[in-house]
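Labels below follow one simple rule: chain letters A, B, ... track the order of the sequence lines, proteins then strands, and each chain is numbered from 1.
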Amino acid sequence: MRVAPSPTGDPHVGTAYVALFNKALAVRTGGRFVLRIEDTDRNRYVEGSEAMIFRALRWLGLEYDEGPDVGGPYGPYRQSERNAIYREAVETLIARGRAYRCFCTPERLAALREEQKRARASFLGYDRRCRDLPESEIERLLAAGTPHVVRLATPTSGETVVHDALRGEIRFDNATIDDQILLKSDGFPTYHLANVVDDHHMRISHVIRAEEWISSTPKHVLLYEAFGWPMPVFAHLPLLRNPDRTKISKRKNPVSLAWYREHGFLPEALRNFLALLGHSMPDEREVFTLEEFFAAFDPQRLRTTEPIFDLEKLRWLNGEWIRRLDPDELTRRVLAFYPDRYEPERARAIAPLLQPRLKTLEDWPPLADTFFFGCPDYDPALLTPKKVDRDTAQRILEAAEPAFAGVDPFEPEPLEATGRALCEQLGLKVRQVFMVLRVAVLGSKVSPPLFESMAVLGREEVLARLRAARDKLARLAAAEESTRG
RNA sequence: GGCCCCGUCGUCUAGCCAGGCCUAGGACACCAGGUUUUCAUCCUGGUAACACGGGUUCGAAUCCCGUCGGGGUCACCA
C-alpha cells in the first residue's frame with residue numbers, strides 16, 4: 001500500500017484521505033505503507049513541499065514504513081532519482097512493440113486537438129502518425145537529435161477490463177484509449193509509466209487512489225500486461241467534494257493540511273473526520289481514535305458515493321476532541337499553538353474552564369486573554385444590561401467590593417456564597433447581579449463561570465477591576481450629565 | 001460532446017451484496033424545550049430522505065432495465 005503525492009505545493013487534504021485508507025489497509029493486513037514522491041514534473045516542482053508532506057503525514061499520525069526520509073528496501077522513493085529504471089522499462093516496451101517513439105511537436109499536437117474539438121470528434125487524442133514510422137526514418141530523426149517522446153501502443157480493438165475492488169468490473173473499449181505518452185521529451189516519465197513501474201518494483205499489492213484515476217486505469221492495466229507483471233488490486237476511493245459537489249478545490253473549500261493545523265484543528269479530529277467520509281464503523285460510532293479505526297477498518301465498509309467535506313461537522317468533531325483532551329494536554333496544545341503568549345500555570349488553571357467552550361484552538365484567545373493581559377477596554381454600557389439601570393449597577397459594584405474583599409479562601413465556593421448573599425442583600429436577581437459582576441471582572445458578557453474565573457484572577461485583581469468598573473460607570477454618568485447640560 | 005463513476009434526510013451515513021425485522025435508524029446542522037450564572041457543555045423532543053419510471057416477486061430502499069440528475073476524465077500535470 002502506498003500514497004504517492006507530488007511536491008507541488010501545500011500538502012492536500014485529499015492526500016491525507018488517500019493515505020489514511022492505504023495505511024489502514026496496511027495495518028489490517030500486516031502490509032507496509034510506503035510514501036513515494038512523484039516529482040517527475042519539473043515545471044510544477046515547489047521547493048520545500050516535500051518536507052511539508054513529511055510533516056503533514058506525521059502530524060496526522062500517518063507514519064510510513066518506507067519513504068524518502070526513512071529509507072526502505074525498494075528505494076529510492078523519489079521518482080526523480082529513478083530515471084534509469086524508467087528508461088530501461090521504456091526500452092523493453094519499445095523492443096516488444098508495445099511502445100514507440102513519436103516525433104510530433106507540441107504545436108502539431110495542439111493543432112490536432114483544436115481540429116478534433118472543432119470537428120466535435122468523438123475521439124480526442126493522438127492520431128498515431130508516428131506509430132508505424134519506418135525504421136530508417138526513426139534512425140534518421142534520432143541521428144539528427146530530433147526531440148521526441150515515447151508513447152504506449154494501445155490495441156486498436158477489443159476491450160480492456162479494470163477490476164476495481166470497490167466497483168467491480170469496469171470495461172473500456174480499446175479504440176477509445178489514447179496512445180498515452182510514457183516518456184516526455186525532457187527524458188522524465190509521465191505519471192502513467194512511473195507509477196506502474198514503481199508500484200511493481202516497490203511490491204505494491206493494492207493501488208488505492210482517488211476516483212479521478214479511473215479513466216486512466218486501463219492504460220495502467222495495459223502497461224502491466226505489456227511488461228508481463230502481475231496486476232495489483234485496484235480500488236478507487238470517491239473524490240472529496242466542495243459543497244456544490246464539484247471536486248474539492250482551494251477556491252471553494254480549504255484543502256491545505258497546513259491550513260487546518262494553523263486554524264486550530266487537532267490531528268485527532270481531522271483524521272477522524274476523514275475516516276468518516278467514505279467508511280463507516282460497524283457500530284456506527286462517529287468519534288474514535290486512529291487505533292480504533294485501524295482495528296475496525298473493513299474494506300467492505302468503504303463507500304463509493306462522493307462525500308461533501310462539511311466543515312461544520314469537522315468543527316463539531318474538533319470540539320469533541322478538545323473536550324476529550326486531558327486538561328494538561330489541552331494546555332500543552334494551546335501553548336504550542338500560541339508560543340510565548342500565555343503564562344503556562346495560568347493557562348493550565350483556565351484550561352478546564354474553557355474546554356467545553358472551544359471548537360478550535362483559535363477560540364481560545366477571545367475567552368482567555370482577559371486572564372493574562374488585563375481587563376479589556378469594554379463598552380461601559382455593558383455594565384447596565386437588560387433590567388439593570390445605572391444606579392442599580394452602581395449599587396452592585398459598591399457592595400461587591402467590600403463583600404469580596406473579605407472572602408477567604410478566595411475560591412469558587414465561598415465566592416459564590418458571597419455572590420448569592422449579595423443578591424439577597426440587594427434584593428436583586430442572581431441573573432442581574434452576576435451579569436454586572438461578570439462584565440466588571442472579565443470585561444465581557446460571554447465568559448467562563450464567574451466565580452471560577454475570579455478565583456483564577458485572585459483577590460487583588462478582582463478588586464481592582466471592580467473599582468475600575470465603578471469609575472467607568474461614574475465617568476459615563478458624568479459624560480451623560482454634561483451632554484444633557 | 002465521447003468514455004467512465006455515482007444517486008437514502010440540507011450534510012455525513014446505517015440498511016443494499018445474502019428482498020420481508022424499514023410506518024427507513026444514527027450523527028452534524030437547524031428548530032423547540034430543560035439544566036444553568038452569561039456563553040458553551042449536557043439532557044429531551046421535533047422538522048427532514050430511499051431521484052424518477054418500468055419490470056421481477058406474495059413482498060423492493062434492497063435485484064434488473066431505462067430515464068433524469070450530479071461528478072470525473074479526455075495534457076510532453078499528477
Exercise. Could you walk me through whether A/D198 and A/Y77 pass the side-chain hydrogen bond (donor to acceptor under 3.5 Å, both in side chains) test, one step at a time?
Key: CA-CA 9 Å; A/D198 287 344; A/Y77 292 92; over 6 Å; no
Quiz item: Taking it one step at a time, do A/I322 and A/K359 satisfy side chain to side chain contact (heavy atoms under 4.5 Å, CB included)?
Solution: CA-CA 7 Å; A/I322 285 178; A/K359 275 206 161 83; over 6 Å; no
Exercise. Begin from the C-alpha positions of A/R303 and A/H279 and carry the test side-chain hydrogen bond (donor to acceptor under 3.5 Å, both in side chains) through to its verdict.
Key: CA-CA 6 Å; A/R303 288 217 113 216; A/H279 181 273; over 6 Å; no
Exercise. Could you check A/K247 against A/E212 for salt bridge (Lys or Arg N to Asp or Glu O under 4.0 Å), going step by step and ending with a plain yes or no?
Key: CA-CA 9 Å; A/K247 168 161 103 168; A/E212 54 187 334; 2.9 Å; yes
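At the heavy-atom level, A/R323 lies under 4.0 Å from the strands shown only through sugar-phosphate atoms. The residue A/P448 sits close to a base: some heavy atom pair falls under 4.0 Å. Nucleic acid contact class of A/R209 (heavy atoms, under 4.0 Å, all strands): none. Within the nucleic acid shown, A/L124 comes within 4.0 Å of at least one base atom, counting heavy atoms only. As judged by a 4.0 angstrom heavy-atom cut-off over every strand, A/G419 is placed among residues making no nucleic acid contact. At a threshold of 4.0 angstrom between heavy atoms, the contacts of A/V149 include nucleobase atoms, whether or not backbone atoms are also involved. Using a 4.0 Å heavy-atom criterion, one finds that A/R44 contacts the bases of the nucleic acid, with or without backbone contacts as well. Here A/S185 lies in heavy-atom contact (under 4.0 Å) with a base. Residue A/P106 is classed as a base contact, given a heavy-atom separation below 4.0 Å to a base. Within 4.0 Å of A/R431, counting heavy atoms only, lie sugar-phosphate atoms of the nucleic acid but no base atom. Across all strands shown, A/E320 has heavy atoms under 4.0 Å from sugar-phosphate atoms exclusively, and none from any base. When heavy atoms are screened at a 4.0 angstrom cut-off, A/F123 is found touching no nucleic acid atom at all. The residue A/T8 sits apart from the nucleic acid: no heavy atom pair falls under 4.0 Å. Residue A/Q300 is out of contact with every strand shown, counting any heavy-atom pair closer than 4.0 Å.
Applying the salt bridge (charged side-chain N to carboxylate O under 4.0 Å, His left out) test to A/E362 and every residue at least two apart in sequence or in another chain returns nothing. For the side chain to side chain contact (heavy atoms under 4.5 Å, CB included) test, residues two or more places apart in sequence or in another chain that qualify with A/L325 are A/L266, A/E268, A/E329, A/L330, A/R333, A/Q355. The side chain to side chain contact (heavy atoms under 4.5 Å, CB included) test applied to A/H206 returns A/M1, A/L25, A/I208, A/V233, not counting sequence neighbours. Every side chain to side chain contact (heavy atoms under 4.5 Å, CB included) that A/T384 has, sequence neighbours left out, goes to A/R390, A/A393, A/L473. Under the side chain to side chain contact (heavy atoms under 4.5 Å, CB included) criterion, A/P147 pairs with no residue, sequence neighbours left out.
B/C16 and B/G10 have their P atoms separated by 23 Å, with the value rounded to a whole Å. Rounded to a whole angstrom, the distance from the C1' atom of B/U36 to that of B/A29 is 24 Å. A distance of about 25 Å separates the C1' atoms of B/C50 and B/C4, rounded to the whole Å. Taking the P atoms as reference points, B/A18 lies 9 Å from B/C63, given to the whole Å. Remark: the separation of the P atoms in B/G45 and B/G26 is 10 Å, to the nearest Å. Only the C1' atoms considered, B/C12 is 26 Å distant from B/G19, to the nearest whole Å. Taking the P atoms as reference points, B/U23 lies 23 Å from B/G7, given to the whole Å. Remark: the separation of the P atoms in B/G53 and B/U62 is 12 Å, to the nearest Å.
Relative to the six-membered ring of A/F404, A/R459 misses at least one condition, a distance below 6.0 Å or an angle of at most 45° to the axis. By the 6.0 Å and 45° rule, A/K472 stacks over the aromatic ring of A/Y378.
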Just list the side-chain donor-acceptor pairs under 3.5 Å for residues 180-188 of chain A, sequence neighbours left out, or say none.
from: A/Q180; atom 1: OE1; to: A/K219; atom 2: NZ; distance (Å): 2.7
from: A/K184; atom 1: NZ; to: A/T40; atom 2: O; distance (Å): 3.0
from: A/D186; atom 1: OD1; to: A/F188; atom 2: N; distance (Å): 2.8
from: A/D186; atom 1: OD2; to: A/R42; atom 2: NH1; distance (Å): 2.8

Enumerate, atom names and distances included, each donor-acceptor pair closer than 3.5 Å involving a side-chain atom of residues 114-121 of chain A, sequence neighbours excluded.
from: A/Q116; atom 1: OE1; to: A/G125; atom 2: N; distance (Å): 3.1
from: A/Q116; atom 1: NE2; to: A/G125; atom 2: O; distance (Å): 2.8

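Sorted by first and then second residue, the side-chain hydrogen bond (donor to acceptor under 3.5 Å, both in side chains) pairs involving residues 9-18 of chain A (not counting sequence neighbours) are A/D10-A/S256.
Shown here, B/G59 forms no base pair; nothing in the strands shown gives a Watson-Crick or G-U wobble contact with both key distances under 3.5 Å. In this structure, B/U73 forms a base pair with B/G2, meeting either the Watson-Crick or the G-U wobble geometry with both donor-acceptor distances under 3.5 Å. Of all nucleotides present, only B/A51 satisfies the Watson-Crick or G-U wobble test against B/U67, with each distance under 3.5 Å.
Mapping A/P282 and A/T40 onto RNA chain B by nearest heavy atom places A/P282 at the nucleotide closer to the 5' end. Between A/D178 and A/R241, the residue anchored nearer the 5' end of RNA chain B, judged by the nucleotide with its closest heavy atom, is A/R241.
Near-neighbour residues of RNA chain B inside residues 352-366 of chain A, defined by a heavy atom below 4.0 Å, number-ordered: A/P356, A/R357. Sorted by residue number, the list of members of residues 377-386 of chain A with any non-hydrogen atom under 4.0 Å from RNA chain B is empty. Listed in residue order, the members of residues 163-175 of chain A having a heavy atom less than 4.0 Å from RNA chain B are A/R167, A/I170, A/R171, A/F172.
The environment of A/R87 atom CZ is sparse: at most 12 non-hydrogen atoms of other residues, nucleotides or ligands sit within 6.0 angstrom.
Taking every nucleotide of RNA chain B with any atom under 4.0 Å from a non-hydrogen atom of chain A, the first and last of them, 5' to 3', are B/G1 to B/A78.
Side-chain atoms of A/N318 and A/T360 form no donor-acceptor pair, as typed in the model, at a separation below 3.5 Å.
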